[in-house]
Amino acid sequence: MFLRLVMPFAVCFAALVAPAVACPPPVIDDAKRSALMETLRTSEDEAAARGINAQLWEIWLTAPTAEAQELLDLGMERRNAHDLDGAIRAFEALIDMCPNYAEGYNQRAFALFLRQDYTLALIDLERALAITPDHIGALSGQALTLMGLGRDAEAQEVLRAALALNPWLSERHLLTEPEGEDI
């Protein structure tokens, strides 16, 4: 009985401390991603945009290797269970394994944001965006993180950039006019 309870944790721990395996770049169909981005940008309603956005998330959440996918899934599972430290450890292992996979940084940033560690979250979001400049989730996360830091003018600029890619983002209600009036 004890082994059945401990074994899943032992496997997860082994994945977290395993030596880094060479990680190939994520396999992304650039033509499909570009077409989705264009369709999303020109979507005429929120329902259509949600479906397209979900397809983009499928691309972003597909890790380059099975081992990397396990770490990504583990981190997201831990975050959803409110175990932010466990999530951050899993995302750190993912980043160590695949330093050129933007989603590792984006997901760690989300966990850091939830922990209200906005400064570290912003660093990770900048790394994610350096790898994938049009990652809408990272852009909207960056805008929210900048708001958390009280850097509202910068947050508005980033939010506008995210809305240029997806005008139906749920964060659109946070956009204000330069004078501070809500749109």
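- Of the inter-residue distances, the one linking E77 atom CD with R79 atom CZ reads 11.0 Å to the nearest 0.5 angstrom.
- Rounded to the nearest 0.5 Å, atoms OH (Y118) and CG (L125) are 12.5 Å apart.
- A single hydrophobic cluster is seen to contain both L165 and L163, as judged by linkage of ILVMFWY side chains at heavy-atom distances under 4.5 Å, directly or through other members.
- Note on I131 and I95: same hydrophobic cluster, where clusters join Ile, Leu, Val, Met, Phe, Trp and Tyr whose side-chain heavy atoms are under 4.5 Å apart, directly or indirectly.
- Minimum heavy-atom separation, A111 to A87: CB-CB, 4.4 Å.
- Counting all heavy atoms, side chain and backbone alike, L159 lies closest to L175 at CD2-N, 3.6 Å.
- Under the 4.5 Å side-chain contact rule for hydrophobic residues, M147 and L169 share a cluster.
- Judged purely by atom type and a 3.5 angstrom limit, E103 has no side-chain atom pairing as donor or acceptor with the backbone of A128.
- Note that the CZ atom of R78 and the CG atom of L71 stand 13.5 Å from one another [nearest 0.5 Å].
- Across all non-hydrogen atoms, the minimal contact from H135 to W57 is CE1-CH2, 3.7 Å.
- A salt bridge links D85 with R115; the closest basic N to acidic carboxylate O contact falls under 4.0 Å.
- Note on E38 versus R41: salt bridge recorded, some NZ/NE/NH1/NH2 to OD/OE distance being below 4.0 Å.
- Scanning both residues, A162 and S140, for their nearest heavy atoms gives CB-N, 4.2 Å.
- Residues R127 and D124 have side chains in contact (heavy-atom distance under 4.5 Å, counting atoms from C-beta outward).
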**Steps toward side-chain contact (heavy atoms from CB on, under 4.5 Å) verdict (I136, L40)** = CA-CA 11 Å; I136 300 164; L40 180 61; 3.4 Å; yes
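- In this structure, E46 and R172 have side chains that are in contact, with non-hydrogen atoms separated by less than 4.5 Å.
- Under the side chain to side chain contact (heavy atoms under 4.5 Å, CB included) criterion, R33 pairs with I28, D30, M37, L56, I59, D134, sequence neighbours left out.
- Taking hydrophobic clusters as Ile, Leu, Val, Met, Phe, Trp and Tyr residues chained together by side-chain heavy-atom distances below 4.5 Å, L149 shares a cluster with L144.
- Rounded to the nearest 0.5 Å, atoms CZ (F110) and CD1 (I88) are 12.0 Å apart.
- Without hydrogens or angle criteria, Q107 side chain to F91 main chain gives no donor-acceptor distance under 3.5 Å.
- Contact record, M97 with C23: O-CB, 3.0 Å, taken as the closest heavy-atom pair.
- Contact record, G86 with D83: N-OD1, 2.8 Å, taken as the closest heavy-atom pair.
- Contact annotation: the side chain of Y101 approaches that of L72 to within less than 4.5 Å [non-hydrogen atoms, C-beta and beyond].
- A distance of 6.5 Å separates CG in L112 from CZ in R108, rounded to the nearest 0.5 Å.
- Counting only heavy atoms from C-beta outward, the side chains of L129 and L139 approach each other to under 4.5 Å.
- In this structure, CD in E154 is found 5.5 Å from CG in L146, a value given to the nearest 0.5 Å.
- Side-chain contact check for M76 versus L61: some heavy-atom pair is nearer than 4.5 Å.
- W60 places none of its side-chain heavy atoms less than 4.5 Å from the side chain of N106.
- Looking only at side-chain heavy atoms (C-beta outward), P26 and T62 stay at 4.5 Å or farther from each other.
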**Message:** One pair to check against salt bridge (charged side-chain N to carboxylate O under 4.0 Å, His left out): E58 and K32. What are the steps and the verdict?
**Reply:** CA-CA 12 Å; E58 286 179 29; K32 177 182 179 183; 5.7 Å; no
